[in-house]
Structures are given as C-alpha cells and as structure tokens.
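Worksheet: the structure to be examined is printed underneath.
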Amino acid sequence: IVHMAQEIKDKSEKDYQEVYNAIAVKLREEDEFDGYIGYGPVLTRLAWHSSGTWDKNNNTGGSFGGTYQFQKESNDPSNKGLHNGAEFLAPIHKQFPWLSHGDLYTLGGVVAIQELQGPVIPWRPGRVDLPEDMTPDNGRLPDAVYGADYVRNFFKRLDLNDQEVVALMGAHCLGRTHLQNTGFDGPWGAASNTFTNEFFLNLLNENWKLEKNEAKNMQWNSPKGYMMLPTDHALIEDDKYMAYVKLYATNNDKFFEDFAKAFKKLLEGGITFPQSTPTYRFETLDSQGL
Ligand code: HEM
Ligand SMILES: O=C1CCNc2c1cnc1ccccc21
C-alpha cells in the first residue's frame, strides 16, 4: 500500500496558520479542562495515537487515513479518554471542512506542543481520509506494564530507534494518567501543561518505589507524589536508553531538537509526500502578538 499525500493547490501557508490559530485560541480559552491542565496533553496523545497504529511492514494504519474518526478505532480500549481531544477538534473541522481528519489530528498535536512552549514541529499537509473499512484493528498501541525489551521491540514497527523513543517519551512531561482511562493514577498535585525536559529529571532525581495502585496495576511512585509507568521506568533500567535520558536531562536544547524530529517522523509514518509539498513551521500565538 502506498499512502501518497495529495497536493493541496488552493491552500497557502496563511490558510494553515489560520487553522493553527483557531486551535491555539480555543486551547488558550478552554483552560479549565481536566483540573486546569487544559487540552494540550490530550491533543498531544491524540496525535500520537492516531499515528501510532502504523505498521511499517505492510504500511497499514498511521495518521494518513484519519481513521480515528471511526468508532472501530476511537473505541479501542487503548484510546480511552481521547474522545475529549476529538470533541475539542470537532468545531475546528466544521470551520475548516477542507482539512482532512488525518491533517486535523496531527495538526492538533503540533499546536499543543508549540503552544505549551515546546519546540516548533515542522508539519506537512496532504493526508487523505480513507473509508471506514480501512480502519486498522485494535491492539496496535503499546501497553504500559512491560519493560525495556518490550518498548524497544514495539517501536521497531514504527521504525523508531532508541534515541527517538527516549525523546518521544519526553512528552510524558505533559498531563497525567487517569485511573478511569488506563488504570494508572497520578501524578498527584499539578500535572504539567508546559513542555520541558522534566520527565527526564524526574526519572533521574526521584526515589522510585514499585507499588500496586488502586486498579491493581504496578506503577512507580515517589515520596513527592510523582509517578512513572513501568514503560517509563524502563528507560532507566536499560543502559542504552539511560544514556539518552541523561543527555536530555542535561541538555534541553538537544531534547527539543530531537523531539521535534522524532514527533514529525511519528506523525508522518507511512506517508509519501510529493516533492512539491511545502513543510510548514507555524508561528505561535505569542510570536504573532496574538
Ligand atoms: C511505551 C509507549 C507509551 C505508553 C505505554 C504510554 C502510556 C500512556 C498512558 C497509560 C497514559 C495515561 C492515559 C490516561 O490515563 O488518560 C499516557 C498519557 C499520555 N501520553 Fe503516553 N504512552 C507512551 C508513549 C507516548 C508517546 C510517544 C507520546 C507522545 C509523543 C505520549 C504522550 C502522552 C501524553 C501527552 C499523555 C497525557 C495525556 C493526558 O494528560 O490526558 N505517550 N500514556
Ligand atoms: O513525570 C511525569 C510528569 C507528569 N506526567 C507524567 C510523568 C511521568 N509519566 C507519565 C505517564 C503518562 C502521563 C503523564 C506522565
């Protein structure tokens, strides 16, 4: 299967910046969601989950077809809680019906990262909605209960190496786990809605204890009320991953640079873009004085 991005002839950078701004203004205004964390983290997770179904071995799934819009995919137990992100984006789709669902879901993640003071994520348009029967099966997204070997093997299917995996996991600086979504709980107190390298600092600086939580799942908790999933903690159990955790904990610029590259790669997995497709680097609301 080839997923060839369509050439968008009648839309310019200005048109896409207008969509970016509509999402960003709504994100800024609707700040009370999830205990005043806001929609940034769940939009980021929606962009990742709509892309993370890709299988490089047969080029099925991925962000191209926008199949998250179909219940077969949005009802995947791995996607519990993400309907909040999809509902947030529904009015944006109404306002800009020319934008495909795949472009909408990935652009939502780009806006979230950039508006939460993260790096600029270069983004290309042209994903094309596929019919419902092209929706990938459930079960293509990762479980949180396993260790480093599982994580390394899982991301091979997405063509992502150790360095890209550690950089991407840095997005767990955002938001929190919700017992009713995934059976994990915390961190308690304010979860973050600012994109930083704190996930790596937490991994290295906290005193982690493996405990069973209320849903009978094992998770790592610290005296300060922080938490890590087993797949998070795996990054300091494995020497190769640990080297990148240390790099990103001590070099925020390097983290931002590597995250931006890896997140773009994740959001474009399986898509062939024509040479003529422009790569957009959007302005944040702040940088536009908005
Ligand atoms: C081994 C891979 C991964 C596993 C097992 C995993 C698992 C999880 C789990 C269990 C949650 C809690 C969801 C909830 O209870 O609401 C979560 C949240 C989140 N994940 Fe991951 N994740 C992984 C990789 C990623 C990647 C690669 C990204 C993005 C680049 C990402 C971004 C997020 C964000 C932003 C949240 C917070 C969502 C919110 O606050 O609503 N995760 N993840
Ligand atoms: O160390 C943190 C910062 C707050 N958010 C998370 C952390 C670690 N693991 C997570 C895993 C999923 C969602 C949020 C987090």
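Counting starts at 1 for both ligands and their atoms, following the listed order.
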Open item on the list: Given H172, M228, E206, identify the one with the heavy atom nearest to atom 3 (C) of ligand 2.
Closed with: H172
TODO: Say whether N84 and ligand 1 are in contact under the criterion: heavy-atom distance to a ligand atom below 4.0 Å.
DONE: no
Task: For ligand 1, the portion of T177 having any non-hydrogen atom under 4.0 Å away - done: both
Task: Sub-4.0 Å atoms of ligand 1 with respect to non-hydrogen atoms of N181 - done: 14 (C), 15 (O), 16 (O)
Task: Apart from F70 itself, residues in the same hydrophobic cluster as defined by side-chain heavy atoms under 4.5 Å - done: none
TODO: Provide the number and element of each atom of ligand 2 under 4.0 Å from a heavy atom of P187.
DONE: 4 (C), 5 (N)
- [ ] Linking directly or through intermediates, with side-chain heavy atoms under 4.5 Å: list the remaining ILVMFWY members grouped with V128, chain and number order.
- [x] F64, L130, M134, I271, F273
- [ ] Please determine if D143 has a nitrogen or oxygen closer than 3.5 Å to a nitrogen or oxygen of ligand 1.
- [x] no
Task: Note, K26 side chain near P91 side chain (heavy atom, < 4.5 Å) - done: yes
Open item on the list: Measuring from atom CD of Q219 to atom CE of M228, what distance do you get when rounded to the nearest 0.5 angstrom?
Closed with: 11.0 Å
Task: contact_flag P142 ligand 1 heavy-atom lt 4.0 Å - done: yes
- [ ] Return a yes/no value for D232: is any of its N or O atoms, backbone included, closer than 3.5 angstrom to an N or O of ligand 2?
- [x] yes
Open item on the list: Using a strict threshold of under 4.0 Å (side-chain N to carboxylate O), is an ion pair present between D76 and R140?
Closed with: no
Open item on the list: Considering both backbone and side-chain atoms of K80, is one of its nitrogen or oxygen atoms within less than 3.5 Å of a nitrogen or oxygen in ligand 1?
Closed with: no
Task: Contact atoms of ligand 1, heavy-atom distance to H178 under 4.0 Å - done: 14 (C), 15 (O), 16 (O), 39 (C), 40 (O), 41 (O)
Task: Polar contact flag for R176 and ligand 1 (N/O pairs, less than 3.5 Å) - done: yes
TODO: Examine D34 against ligand 1 and note whether any of their N/O atoms are separated by less than 3.5 Å.
DONE: no
Task: Lys/Arg-Asp/Glu bridge criterion (N-O < 4.0 Å) met for E115, R28 - done: no
Task: Partners meeting ring-ring contact (aromatic ring centres under 6.0 Å, His included) with Y68 (sequence neighbours left out) - done: Y105
Open item on the list: For F282 and W123, take the angle between the two ring planes, folded into 0 to 90°, and tell me which bin it lands in: parallel under 30, tilted 30 to 60, perpendicular over 60.
Closed with: tilted
Open item on the list: Quick check for you: within a radius under 2.8 Å, how many protein N, O or S atoms neighbour atom 21 (Fe) of ligand 1?
Closed with: 1
Task: ligand 2-proximal atoms of L174, by part, heavy-atom distance under 4.0 Å - done: backbone
TODO: Between T196, L203, T177, flag the one that comes closest to atom 12 (C) of ligand 2 by a heavy atom.
DONE: T177
Open item on the list: Can you classify the ring geometry of F200 versus F255 as parallel (below 30°), tilted (30 to 60°) or perpendicular (above 60°)?
Closed with: perpendicular
Task: N or O pair under 3.5 Å between N202 and ligand 2 - done: yes
Open item on the list: Just to confirm my output: which protein heavy-atom neighbour is closest to atom 8 (C) of ligand 2, and how far is it?
Closed with: M227 O, 3.3 Å
Open item on the list: What protein heavy atom lies closest to atom 35 (C) of ligand 1? Include the residue and the distance to one decimal.
Closed with: P41 O, 3.3 Å
Task: Distance-only polar pair, side chains of N58 and T60, donor-acceptor under 3.5 Å - done: yes
Task: Polar proximity ligand 2 side, G175 side, N/O cut 3.5 Å exclusive - done: yes
- [ ] Any atoms of ligand 1 less than 4.0 Å from a non-hydrogen atom of G175? List them with their elements.
- [x] 40 (O)
